[in-house]
Number of protein chains: 2
Amino acid sequence: MGNVTLRTVAEQAGVSVSTVSNAYNKPDQLSAQVRDRVLETAKRLGYAGPNPAARSLRSQRAGAIGLLFTEQLSYAFSDPYSVGMLAGLAEVAEEFKTGLLLIPLEHYDPSHPEDAEPSAETMRQSVVDAVVAYCVDADHPARLVAMERGLTVASTIDIDDDRQKYVLIDEAGAAASLGGLLRDLGHQRVGVIVDSRMDDVEPRTTPRVVRPEDEAQLFVDSRIRLDGLRDALGPDVEVIPVFAGHNSTEAGAAAAAYLLDHQNRPTAIACISDVLALGARDAIRQCGLEVGRDVSLTGFDDIPRAAEVGLTTVRQPIHEKGRLLGRMVLDPEFEPRRVVLPTELVVRSSTGPAPH
Amino acid sequence: MGNVTLRTVAEQAGVSVSTVSNAYNKPDQLSAQVRDRVLETAKRLGYAGPNPAARSLRSQRAGAIGLLFTEQLSYAFSDPYSVGMLAGLAEVAEEFKTGLLLIPLEHYDPSHPEDAEPSAETMRQSVVDAVVAYCVDADHPARLVAMERGLTVASTIDIDDDRQKYVLIDEAGAAASLGGLLRDLGHQRVGVIVDSRMDDVEPRTTPRVVRPEDEAQLFVDSRIRLDGLRDALGPDVEVIPVFAGHNSTEAGAAAAAYLLDHQNRPTAIACISDVLALGARDAIRQCGLEVGRDVSLTGFDDIPRAAEVGLTTVRQPIHEKGRLLGRMVLDPEFEPRRVVLPTELVVRSSTGPAPH
DNA sequence: TCGTTCTACTAAATCGTTCTAGAAAAACGA
DNA sequence: TCGTTTTTCTAGAACGATTTAGTAGAACGA
């Protein structure tokens with residue numbers, strides 16, 4: 001039981017191993033008569049079809065694509081934005097009858113390169129044909145292993161490497177439109193809330209100002225967006241970046257409270273994601289301040305809830321992003337190696353002129 | 001390139017194949033000296049580590065668990081409730097350094113058993129050690145294939161089969177508490193909104209009353225909840241079950257609008273999920289009616305948004321459900337084969353006494 | 001009738017590992 | 001010194017499929 005193989009079936013059915021294999025994979029290569037006999041024998045023996053590992057080995061294809069996700073896998077599901085991307089990706093996977101393997105990553109700190117092995121371990125083990133690297137740092141060991149294995153890698157951040165493919169959003173344009181909006185509204189002091197790695201400062205929910213030497217601790221897309229905001233706001237505007245523990249409303253609220261407690265309170269708070277901004281919104285109201293009048297607030301992504309609470313944000317075609325990533329690694333007809341998706345500034349009630 | 005194997009490395013390093021294998025898997029079986037030499041040679045040749053398919057074949061373990069999901073994979077991400085389960089499951093997978101493979105299923109209609117093959121195909125192909133069957137029908141071919149393959153199967157619905165494991169919620173108790181509440185409030189006509197399969201009536205968003213012969217078209221958990229509600233409401237209460245196209249706010253709204261348009265409007269609407277209820281809430285308000293006074297409304301699951309809008313519902317420990325499912329298939333120390341999780345009735349403002 | 005093509009099937013090589021059993025060398029105990 | 005144990009490495013057999021190249025016989029055309 002459980003030890004039934006092609007050979008067992010072949011012997012019992014009185015045919016060769018190849019014939020049994022063909023019965024499953026190339027039905028037109030044998031007579032209907034023999035095929036029926038084979039399948040019937042298989043059923044009788046409780047044979048569950050060709051062993052997928054053996055098949056993968058021999059045919060050199062896995063029937064699955066891998067998804068490399070920022071450090072903590074369960075966080076993938078905590079942000080509606082990531083979930084939207086996943087849904088798009090899953091849609092394409094489904095269309096191609098391909099599995100979608102979520103690959104958990106160990107945290108990797110570039111300042112300790114000797115830890116590369118454990119961080120890449122799961123990527124080594126994964127039976128996949130291609131990989132989507134979602135918000136994974138350029139030098140993460142898992143990414144490097146995927147490349148070494150010769151897998152197609154599609155990335156959501158721009159790495160200057162011809163061997164990879166890219167689906168990007170116009171981060172610069174997005175940051176510029178947000179920054180421009182705040183600048184034009186006359187804000188002179190802008191707090192920026194960014195999420196940080198899990199194993200950051202202890203306790204993790206304690207916010208604190210991001211020092212220049214901390215920048216390596218930022219998630220790669222947070223870094224890009226922060227830089228973009230700084231550029232757009234220009235040198236005359238004071239930017240106060242603050243770490244939130246991670247990408248959640250709770251952490252966003254704590255970080256905003258910290259900023260509002262500042263001796264010289266910022267007149268606007270820009271958050272690196274809508275989820276953080278929703279938390280910040282709660283904190284601002286808790287302080288008895290009015291969002292959009294006393295303090296302006298912006299998010300990023302345009303998740304459904306943003307519209308409901310009137311949050312100014314930047315819309316990304318997230319579902320489309322997931323679909324394109326999937327198509328890029330699965331559809332041989334899909335040629336572009338690099339797609340940049342447009343973003344759209346959505347101004348709502350959470351932003352207004354800077355108070356004096 | 002790409003054709004570097006253990007043997008290539010062994011030859012170049014002047015050791016046996018087994019030794020190279022040990023260098024990766026059993027570092028204590030060889031001298032540090034030789035190990036370093038081997039790994040260095042591997043690096044030089046661009047060897048990305050043992051081929052996972054071959055490893056899986058030989059060692060008979062995949063390093064991944066499969067998730068069988070109701071028909072449409074991308075729907076897994078559209079309901080915060082499913083997402084919560086996924087997060088819990090992913091958490092455990094991560095802990096065990098195991099991948100999580102989302103397996104897309106073809107739709108299977110029990111009345112056409114000859115279609116079993118295609119519906120089970122992806123399950124045949126998947127390289128996994130165990131399977132979590134989330135809301136998958138008892139007789140779905142993919143589930144049967146998983147069993148045939150001798151995989152551990154953990155299920156979220158109760159099937160009378162000793163070979164499987166179960167994490168259930170107390171559906172009967174949950175339905176009874178909701179039904180009891182509505183009955184005690186004096187409601188005599190209750191609409192029930194249930195989600196239906198993708199390939200149901202065309203166009204899919206058109207709601208319609210569920211006829212007895214349609215019941216096979218219902219998702220398995222919808223059926224259980226509907227039956228539970230009927231039981232709890234008792235024979236004197238008229239129950240009008242209505243199909244929504246699928247589990248989304250839009251479909252919920254359409255189904256509610258259909259019910260309210262009914263010649264003899266129900267005084268209460270019970271939805272099979274919070275997502276549907278949120279849509280129904282919109283529709284009720286659109287009709288100029290007040291939720292909780294003119295029409296009572298209940299959901300199921302207690303997603304975060306339910307608290308925000310005052311929706312009466314039943315809370316399930318969904319995150320815990322995911323975690324238990326994971327533990328059940330991954331942790332050898334975990335013995336229970338059957339866990340029933342408690343539910344809790346959460347009464348909020350969306351329910352009130354039946355109007356006369 | 002003979003050569004050719006087509007159909008239905010098979011033998012054996014191969015995919016790239018891990019694992020078992022065992023050998024050679026080194027270390028050890030008395 | 002000699003037998004025993006330990007350490008370090010290796011040969012070769014699985015693991016369970018797919019694929020290539022080929023064979024026997026039927027069908028075909030002239």
Side-chain angles (χ1 to χ4, degrees), chain A residues 1-39 41-42 45-63 124-129 148-150, chain B residues 1-39 41-42 45-63 121 124-129 148-151:
Chain A
M1 178 156 185
N3 277 8
V4 188
T5 73
L6 271 192
R7 221 178 91 194
T8 327
V9 177
E11 280 164 5
Q12 289 289 319
V15 295
S16 77
V17 174
S18 325
T19 300
V20 182
S21 173
N22 284 336
Y24 282 96
N25 303 311
K26 301 176 178 168
D28 54 328
Q29 299 273 331
L30 62 166
S31 63
Q33 204 180 347
V34 173
R35 173 154 199 262
D36 287 348
R37 179 154 50 97
V38 166
L39 294 184
T41 315
L45 296 175
Y47 178 68
N51 177 308
R55 171 192 293 225
S56 284
L57 171 58
R58 178 63 233 221
S59 60
Q60 308 279 51
R61 16 162 282 108
R124 284 227 150 78
Q125 304 247 6
S126 305
V127 187
V128 293
D129 294 318
E148 261 181 9
R149 282 181 55 186
Chain B
M1 178 154 184
N3 276 9
V4 189
T5 73
L6 271 193
R7 221 177 91 193
T8 327
V9 177
E11 280 164 5
Q12 289 288 317
V15 294
S16 78
V17 173
S18 324
T19 299
V20 182
S21 173
N22 284 335
Y24 282 96
N25 302 311
K26 301 179 178 166
D28 54 327
Q29 299 271 332
L30 64 164
S31 63
Q33 205 179 344
V34 173
R35 174 154 200 261
D36 287 348
R37 178 152 51 95
V38 168
L39 293 185
T41 315
L45 296 175
Y47 179 67
N51 177 307
R55 171 190 292 222
S56 283
L57 170 58
R58 176 64 236 219
S59 60
Q60 306 280 52
R61 17 162 283 109
E121 195 52 39
R124 284 228 149 77
Q125 303 247 5
S126 304
V127 187
V128 293
D129 294 317
E148 261 181 10
R149 282 181 54 186
L151 301 172

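Letters A, B, ... mirror the listed sequences (proteins, then strands); counts begin at 1. Computed from a prediction, not measured in an experiment: that's the story for all the values here.
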**OP:** Output all residues satisfying side chain to side chain contact (heavy atoms under 4.5 Å, CB included) with B/L57, sequence neighbours left out; order by chain, then residue number.
**Re:**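 Expected list: A/A53, A/A54, A/L57.
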Check [X] against [Y] and note the closest heavy-atom contact, atom names and distance.
{"X": "B/D129", "Y": "B/G63", "result": "OD2-N, 2.8 Å"}
{"X": "B/P52", "Y": "A/R149", "result": "CG-NH2, 3.2 Å"}
{"X": "A/Y24", "Y": "A/A42", "result": "OH-CB, 3.4 Å"}
{"X": "B/L151", "Y": "B/V128", "result": "CD2-O, 3.5 Å"}

Original post:
Can you tell me if the side-chain N/O atoms of B/T5 get under 4.0 Å from OP1 or OP2 in C/dG16?
Top reply: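 No, outside the criterion.
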Original post:
Any side-chain N or O of A/Y47 less than 4.0 Å from the OP1 or OP2 oxygen of D/dA17?
Top reply: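 So the side chain of A/Y47 is within the cut-off, an N or O lying under 4.0 Å from OP1 or OP2 of D/dA17.
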**OP:** Check B/V20, B/V17, B/L39, B/V15 against B/V9 for a side chain to side chain contact (heavy atoms under 4.5 Å, CB included) and give me the one that passes.
**Re:**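 Testing B/V9 for a side chain to side chain contact (heavy atoms under 4.5 Å, CB included) against B/V20, B/V17, B/L39, B/V15 leaves exactly one candidate, B/V20.
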**OP:** Select base, sugar-phosphate, or nothing to describe what B/T19 touches, counting heavy atoms under 4.0 Å on all strands.
**Re:**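 Here B/T19 touches the bases of the nucleic acid.
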**OP:** Give every residue pair that meets the side chain to side chain donor-acceptor pair (under 3.5 Å) criterion with at least one member in residues 53-63 of chain A, sequence neighbours excluded.
**Re:**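 Residue pairs with at least one partner in residues 53-63 of chain A: A/N25-A/R55.
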Validation: residues 30-38 of chain B side-chain donor-acceptor distances under 3.5 Å, sequence neighbours left out:
from  : atom 1 : to    : atom 2 : distance (Å)
B/S31 : OG     : B/V34 : N      : 3.3
B/R35 : NE     : B/A23 : O      : 2.8
B/R35 : NH2    : B/A23 : O      : 3.2
B/R37 : NH1    : B/A13 : O      : 2.5

[X] side-chain proximity, nearest of [options]:
{"X": "A/V15", "options": "C/dT10, D/dC9, D/dG16", "answer": "C/dT10"}
{"X": "A/S16", "options": "D/dC15, D/dC9, C/dT10", "answer": "C/dT10"}
{"X": "B/Q60", "options": "D/dC15, C/dT18, D/dT19", "answer": "D/dC15"}
{"X": "B/L6", "options": "C/dG16, D/dT18, C/dT18", "answer": "C/dT18"}

Can you name the atoms? Protein N/O to nucleotides 12-14 of chain D N/O, anything below 3.5 Å, with the distance.
from   : atom 1 : to    : atom 2 : distance (Å)
D/dG12 : O6     : B/S18 : OG     : 3.4
D/dA14 : N3     : B/R58 : NH1    : 2.7

In this structure, how many angstroms lie between the [atom2] atom of [N] and the [atom1] atom of [X], rounded?
{"X": "B/L57", "N": "C/dC19", "atom1": "CG", "atom2": "P", "answer": "12 Å"}
{"X": "B/R35", "N": "D/dC9", "atom1": "CZ", "atom2": "C1'", "answer": "16 Å"}
{"X": "B/N3", "N": "C/dC15", "atom1": "CG", "atom2": "C1'", "answer": "11 Å"}
{"X": "A/R7", "N": "D/dT18", "atom1": "CZ", "atom2": "P", "answer": "16 Å"}
{"X": "A/L45", "N": "D/dG16", "atom1": "CG", "atom2": "C1'", "answer": "16 Å"}
{"X": "A/N51", "N": "C/dC15", "atom1": "CG", "atom2": "P", "answer": "18 Å"}

**OP:** Any salt bridge (charged side-chain N to carboxylate O under 4.0 Å, His left out) involving residues 3-31 of chain A? Give me the pairs, sequence neighbours left out, ordered by first then second residue.
**Re:**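 Qualifying pairs, neighbours excluded: A/R7-A/E11.
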**OP:** Applying side-chain contact (heavy atoms from CB on, under 4.5 Å), run through B/T5 and B/T8 and close with a yes or a no.
**Re:** CA-CA 5 Å; B/T5 73; B/T8 327; 3.5 Å; yes
Subject >> Partner set under side chain to side chain donor-acceptor pair (under 3.5 Å) for A/T19, not counting sequence neighbours >> reply: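 A/T19 satisfies side chain to side chain donor-acceptor pair (under 3.5 Å) with A/S16 only.
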Original post:
At how many degrees, to 10°, do the end axes of the helix from C/dT1-D/dA30 to C/dA30-D/dT1 meet when each uses five pairs?
Top reply: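 Nearest ten degrees gives 30° for this helix.
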Original post:
Quick one: does A/Y47's side chain get under 4.5 Å of A/T41's, heavy atoms only?
Top reply: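 They are not in contact (no side-chain heavy atoms under 4.5 Å apart), so the answer is no.
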Original post:
Under a 4.0 Å heavy-atom cut-off, which of residues 21-33 of chain B touch DNA chain C?
Top reply: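 The stretch gives B/S21, B/N25, B/K26 as the residues lying under 4.0 Å from the strand, ordered by number.
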Subject >> Contact nearer the 5' end of DNA chain D, comparing B/R37 with B/S59 >> reply: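 It is B/R37, whose closest nucleotide lies nearer the 5' terminus.
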